[in-house]
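For reference, the structure is listed below as structure tokens.
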Amino acid sequence: MKEKLKQLFASRFGSIPMFYASAGRINLIGEHTDYNGGFVFPGAIDKYILAAININGTDKVRAYSADLDDYVEFGLTEADKPSPQWADYVFGVCREIIKRGGTVKGFDTVFAGNVPLGAGLSSSAALESCFAFALNDIFNDNKFDKMELAKIGQATEHNYCGVNCGIMDQFASIFGKKNMLMRLDCRSLEYQYYPYNPVGYKTVLVNSKVKHELVDSPYNKRRASCERVARLLGVETLRDATMAMLDGARDKMSDEDYKRALYVIGEKERVLKVCDALERGDYDTVGECMYGTHDGLSRLYEVSCDELDYLNDVARECGVTGSRIMGGGFGGCTINLVKDSLYDNFIATVTAKFAARYGHEPDIIPVVISDGAHKLADDEEL
């Protein structure tokens with residue numbers, strides 16, 4: 001990918017660029033916990049957005065998306081917002097840096113990526129993080145710290161792309177380290193690294209390639225349930241609730257609200273249990289918690305679907321150590337922790353069984369926990 005971009009950059013702009021990359025992400029456990037003030041447990045993966053960049057001495061950005069074969073030029077004032085949607089991610093990062101008192105001048109860029117689209121790996125956050133990191137390095141002597149770079153990416157989504165996202169995706173893309181997952185406290189933004197190098201296991205996503213369109217607003221409804229229970233229990237968010245508190249007020253809430261809160265409080269405890277297990281190298285407990293999360297998301301939070309439940313069932317049948325929905329639900333991926341000795345059989349079985357049942361094969365996406373945003377060394381390839 002690097003050599004391809006180098007050639008494209010030379011032919012289009014006639015100069016030699018610098019290279020910057022940022023990663024997609026997985027989340028091992030901690031789903032629908034962010035807006036409940038809880039913990040998430042992401043890591044950067046070996047799928048990247050790679051950008052070739054050079055200062056051009058003008059007040060214009062000249063950007064070419066190699067994957068889309070599309071080119072745009074834009075200025076750096078608010079009135080210069082470009083029309084292609086993909087360019088809003090680059091423009092938004094420029095504007096958010098400037099709004100924070102940073103400097104952005106004209107530059108040329110060619111970029112591409114191998115983060116699978118539509119698989120819940122946050123290619124948009126990788127793109128934002130790549131340019132935030134690069135422009136901080138090129139124009140601002142790295143005066144913005146990493147958390148501010150993540151916030152710049154998040155604000156780009158909010159203000160220029162119309163997505164009111166949390167900070168987990170950008171955080172993972174910026175802070176990722178090889179063979180390390182990160183426990184992020186979504187309330188305080190404190191974080192801690194945990195080793196994740198499961199010798200004898202592989203981590204793999206199985207992408208159902210389906211996304212169910214829903215007639216209501218399932219996320220808003222579930223968030224409202226959680227907020228109602230938190231108010232009833234007298235806590236700011238369910239992060240501060242316990243099972244004993246929930247059961248003590250069981251008769252004061254609807255069955256639906258009780259189930260939603262039961263999942264969230266259980267998930268908070270599972271994330272902390274996984275942290276302890278990883279420090280011991282206890283992957284059986286990690287896997288047990290992953291299955292627990294899937295069951296909770298399916299039966300209590302009710303954000304699964306037939307395809308995802310089937311992928312989880314096949315994983316259990318094949319002896320997979322851990323498997324669960326990854327992401328918001330209603331389609332997308334499962335994330336699976338599989339012993340090396342069972343891996344080939346699992347992949348063959350899940351591919352064949354899923355295709356026989358649903359008429360198309362799932363995508364198999366092996367993942368390796370890798371470094372997040374960085375400038376590439378001269379001899380570094382991606």
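This is a predicted model, so every value here is computed, not measured. Position 1 is the first residue of the sequence, and the numbers go up from there.
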Examine distances only and state if a side-chain atom of [X] and a backbone atom of [Y] form a donor-acceptor pair shorter than 3.5 Å.
X: His360; Y: Ser208; value: yes
X: Lys202; Y: Asn336; value: no
X: Arg222; Y: Glu302; value: yes
X: Asn54; Y: Ile16; value: yes
X: Thr321; Y: Asp284; value: no
X: His294; Y: Ile325; value: yes
X: Asp371; Y: Lys178; value: yes
X: Asn56; Y: Thr58; value: yes
X: Asn140; Y: Thr103; value: yes
X: Asp34; Y: Gly166; value: no

Can you name the closest pair of heavy atoms from [X] and [Y] and give their distance?
X: Tyr201; Y: Asp340; value: C-OD1, 3.4 Å
X: Cys275; Y: Phe41; value: SG-CE1, 3.4 Å
X: Ser22; Y: Ala126; value: CB-O, 3.4 Å
X: Arg187; Y: Asp240; value: NH1-OD2, 2.9 Å
X: Glu256; Y: Ser225; value: OE2-OG, 3.9 Å
X: Gly332; Y: Asn207; value: O-OD1, 3.5 Å

Q | side chain to side chain contact (heavy atoms under 4.5 Å, CB included), paired with Val104, selected from Asn136, Ile138, Val93, Leu76 | A |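 Single side chain to side chain contact (heavy atoms under 4.5 Å, CB included) partner of Val104 among Asn136, Ile138, Val93, Leu76: Leu76.
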Q.
So if I apply the side chain to side chain contact (heavy atoms under 4.5 Å, CB included) rule between Phe131 and each of Phe91, Phe107, Tyr20, Tyr89, which one comes out positive?
A.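 For Phe131, the side chain to side chain contact (heavy atoms under 4.5 Å, CB included) test succeeds with only one of Phe91, Phe107, Tyr20, Tyr89, which is Phe107.
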Q: Please check if atom CD in Gln85 has more than 12 non-hydrogen atoms from other residues, nucleotides or ligands closer than 6.0 Å.
A: no
Q) If you draw the axis of the six-membered ring of Tyr193, does the NZ or CZ of Lys177 fall within 45° of it and under 6.0 Å from the ring centre? A) yes
Q. Does Arg25 make a cation-pi contact with Phe175, if we ask for NZ or CZ under 6.0 Å from the ring centre and within 45° of the axis?
A.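 Verdict for Phe175: no cation-pi partner in Arg25.
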May I ask you to decide whether [X] forms a salt bridge with [Y], counting only side-chain N to carboxylate O separations under 4.0 Å?
X: Asp306; Y: Arg357; result: yes
X: Glu269; Y: Lys273; result: no
X: Asp137; Y: Lys143; result: no
X: Lys99; Y: Glu96; result: yes
X: Arg250; Y: Asp255; result: yes
X: Lys209; Y: Asp363; result: yes
X: Glu267; Y: Arg270; result: yes

Q.
I'd like to check the side-chain contact (heavy atoms from CB on, under 4.5 Å) partners of Asn345; sequence neighbours left out, ordered by chain and number.
A. Cys318, Thr349
Q: Mind checking side-chain contact (heavy atoms from CB on, under 4.5 Å) for Ala377 and listing every partner two or more places apart, or none if nothing turns up?
A: Asp379, Glu380
Would [X] and [Y] count as having a side-chain donor-acceptor pair, cut-off 3.5 Å?
X: Arg183; Y: Tyr194; value: yes
X: Asp251; Y: Tyr258; value: no
X: Tyr283; Y: Glu288; value: no
X: Asn36; Y: Thr237; value: no
X: Ser298; Y: Asp295; value: no
X: Thr293; Y: Arg324; value: no
X: Ser124; Y: Glu157; value: yes

Q: Keeping to residues at least two apart or across chains, list the salt bridge (charged side-chain N to carboxylate O under 4.0 Å, His left out) pairs with something in residues 60-77.
A: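 Only Arg62-Asp108 qualify under salt bridge (charged side-chain N to carboxylate O under 4.0 Å, His left out).
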Quick one, [X] and [Y] - any side-chain contact, counting heavy atoms below 4.5 Å?
X: Leu311; Y: Phe354; result: yes
X: Gln154; Y: Phe171; result: no
X: Pro17; Y: Ile53; result: no
X: Val274; Y: Leu278; result: yes
X: Tyr160; Y: Arg95; result: yes
X: Asp88; Y: Lys81; result: yes
X: Ser323; Y: Leu337; result: no
X: Ile265; Y: Thr242; result: no

Return the [atom1] to [atom2] distance between [X] and [Y], rounded to the nearest 0.5 Å.
X: Ser123; Y: Ile49; atom1: OG; atom2: CD1; result: 6.0 Å
X: Leu181; Y: Leu28; atom1: CG; atom2: CG; result: 5.5 Å
X: Arg260; Y: Cys226; atom1: CZ; atom2: SG; result: 8.5 Å
X: Thr156; Y: Lys151; atom1: OG1; atom2: NZ; result: 14.0 Å
X: Asp169; Y: Asn27; atom1: CG; atom2: CG; result: 8.5 Å

Q) With Asp257, which residues qualify under salt bridge (Lys or Arg N to Asp or Glu O under 4.0 Å), at least two apart? A)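 Testing Asp257 for salt bridge (Lys or Arg N to Asp or Glu O under 4.0 Å), a comparison that skips the adjacent residues, returns Arg228.
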Q) According to a 4.5 Å side-chain heavy-atom criterion applied to Ile, Leu, Val, Met, Phe, Trp and Tyr, with indirect links allowed, do Met180 and Val368 form part of one hydrophobic cluster? A) no
Q. Any chain of hydrophobic side-chain contacts (each under 4.5 Å) joining Phe330 to Val210?
A. no
Q) How would you list, by chain and number, every residue that makes a side-chain hydrogen bond (donor to acceptor under 3.5 Å, both in side chains) with Tyr343, sequence neighbours excluded? A) none
**Q.** Intermediate values then yes/no, side chain to side chain contact (heavy atoms under 4.5 Å, CB included), Val204 and Val367
**A.** CA-CA 6 Å; Val204 62; Val367 294; over 6 Å; no
Q: Measure the acute angle between the ring planes of Tyr301 and Tyr263, then classify it against the limits of 30° and 60° as parallel, tilted or perpendicular.
A: tilted
(Q) Through direct or indirect side-chain contacts below 4.5 angstrom among Ile, Leu, Val, Met, Phe, Trp and Tyr, which residues connect to Leu8? (A)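 Direct or chained contacts put Leu8 with Met1, Leu5, Phe9, Phe13, Phe19, Tyr48, Leu50, Tyr64, Tyr71, Val110, Leu376, Leu382.
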